[in-house]
Amino acid sequence: MRLRKVKYAMAKISSYPELMILDPENHRGSWQSLFQKSQPIHLEIGIGKGKFIHELAQSHPEINFIGIEKYDSVIVRALERLIDSPLPNVILIYGDAEKITSYFEKGEINHLYLNFSDPWPKNSHKKRRLTHPLFLERYQSILSKDGLVEFKTDNFGLFEYTMMTLVESNAIFHELSLNLHQQTDKEIVMTEFETKFTQMGFPIYYISFQLKES
Ligand code: SAH
């Protein structure tokens, strides 16, 4: 996400330890204790400015939400949203998805969202794609037995690559759409990117799937 550097971002994200976790490794296996209620945990990776997680959490008080973002200048916007409109069921992690197995214990997450992940089109960068087989292995390890992953993108290259890695990983496909907004009656909570690309008339590709132990 291209964005101006927010100078005060680091100072701000360090000032709200109850909303913004900077030491996720220290909470491995005990995330429930940070929430008011013990209930299923849904994780979003790469939350950007946090519109999606905030709106979804607002309409689903029966779920605890955790959002990870590695870029301080955008996660600070998600934090500001949470300060302006507090929710008891959202916690943010300033961290890197590469390390999620040190953040979460086996089976600790019930559901995972990957929304408009960076496409990393160059072959030499493919290990950074959030649907690279190495990432899928990490997700499989932190997800509960029936945990579902939902993936949305505007980028055909990333969609195609993801389909391929999912087939190679023997993933179980649940739903698939080549134009999500035209093909579903379900209520869709839109991310920032999704709003922008949908307004521009681009189709949104969608896959929901489960990962099996290899
Ligand atoms: N989900 C938002 C933002 C999409 S842009 C939306 O749909 O509007 C992708 C975001 O993922 C960026 O903010 C980027 O900083 C973040 N990101 C990319 N790789 C990441 C990683 N390994 N760990 C955490 N966040 C990551």
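Sequence positions, counted from 1, serve as the residue numbers for this chain. For ligands, and for the atoms within them, numbers begin at 1 and follow the listed sequence. Keep in mind that what you see is a predicted model, and the values were worked out from it rather than measured.
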Trainee: Report yes or no: is the cationic atom of R129 (NZ for Lys, CZ for Arg) under 6.0 Å from the centre of the six-membered ring of W120, at an angle within 45° of the ring normal?
Mentor: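 No - R129 does not lie over the ring of W120 by the 6.0 Å and 45° rule.
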
Trainee: Can you confirm if the aromatic rings of H174 and F209 lie within a centre distance of less than 6.0 Å?
Mentor: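 No, too far apart.
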
Trainee: State the atoms of ligand 1, each with its element, that fall below the 4.0 Å cut-off from a heavy-atom position in T191.
Mentor: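 Within the 4.0 Å cut-off of T191, ligand 1 contributes 6 (C), 7 (O), 8 (O).
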
Trainee: Regarding ligand 1, does F193 bring an N or O atom to under 3.5 Å of one of the ligand's N or O atoms?
Mentor: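 Yes; the residue has a nitrogen or oxygen that sits under 3.5 Å from a nitrogen or oxygen of the ligand.
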
Trainee: Against heavy atoms of D96, which atoms of ligand 1 measure under 4.0 Å?
Mentor: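 Listed by number with element: 21 (C), 22 (N), 23 (N).
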
Trainee: At less than 4.0 angstrom from any non-hydrogen atom of E192, what atoms of ligand 1 do you find?
Mentor: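 Within the 4.0 Å cut-off of E192, ligand 1 contributes 8 (O).
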
Trainee: Among A97, P119, G50, A78, whose heavy atom sits nearest atom 23 (N) of ligand 1?
Mentor: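 Checking each option, the heavy atom nearest atom 23 (N) of ligand 1 is found in A97.
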
Trainee: Check the pair E69 / V74 against side chain to side chain contact (heavy atoms under 4.5 Å, CB included), numbers first and verdict last.
Mentor: CA-CA 8 Å; E69 172 56 57; V74 289; 3.5 Å; yes

Trainee: I'd like to check the salt bridge (Lys or Arg N to Asp or Glu O under 4.0 Å) partners of E194; sequence neighbours left out, ordered by chain and number.
Mentor: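 For E194 the salt bridge (Lys or Arg N to Asp or Glu O under 4.0 Å) partners, ignoring immediate neighbours, are K152.
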
Trainee: State whether the shortest distance between N or O atoms of N115 and N or O atoms of ligand 1 falls below 3.5 angstrom.
Mentor: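 Yes, there is a polar N/O contact under 3.5 Å.
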
Trainee: Any nitrogen or oxygen of G46, main chain or side chain, under 3.5 Å from a nitrogen or oxygen of ligand 1?
Mentor: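 Yes, there is a polar N/O contact under 3.5 Å.
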
Trainee: Find out whether the Lys NZ or Arg CZ of K196 is both under 6.0 angstrom from the six-membered ring centre of F193 and within 45° of the ring's axis.
Mentor: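 Yes; both conditions hold, so K196 lies above the ring face of F193.
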
Trainee: Compute both the distance and the angle, then confirm whether R28 meets the cation-pi test with Y103: under 6.0 Å from the six-membered ring centre, within 45 degrees of the axis.
Mentor: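 No cation-pi geometry.
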
Trainee: Main chain of L158, side chain of T162: is a donor-acceptor contact present, judged purely on distance under 3.5 Å?
Mentor: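 Looks like yes, one N/O pair under 3.5 Å.
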
Trainee: With heavy atoms of Y71 as the reference, note each atom of ligand 1 found under 4.0 Å away.
Mentor: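 Listed by number with element, the hits are 15 (O).
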
Trainee: Between the side chains of E150 and Y206, is a donor N or O closer than 3.5 angstrom to an acceptor N or O?
Mentor: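 Indeed, the side chains of E150 and Y206 share at least one donor-acceptor pair under 3.5 Å.
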
Trainee: Does even one non-hydrogen atom of E69 get within less than 4.0 Å of ligand 1?
Mentor: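 So E69 counts as touching ligand 1.
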
Trainee: F116 versus ligand 1: do any nitrogen or oxygen atoms come within less than 3.5 Å of each other?
Mentor: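 N/O-N/O distance under 3.5 Å: no.
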
Trainee: Looking only at N/O atoms, are S117 and ligand 1 under 3.5 Å apart anywhere?
Mentor: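 In this structure, S117 places no N or O atom under 3.5 Å from an N or O of ligand 1.
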
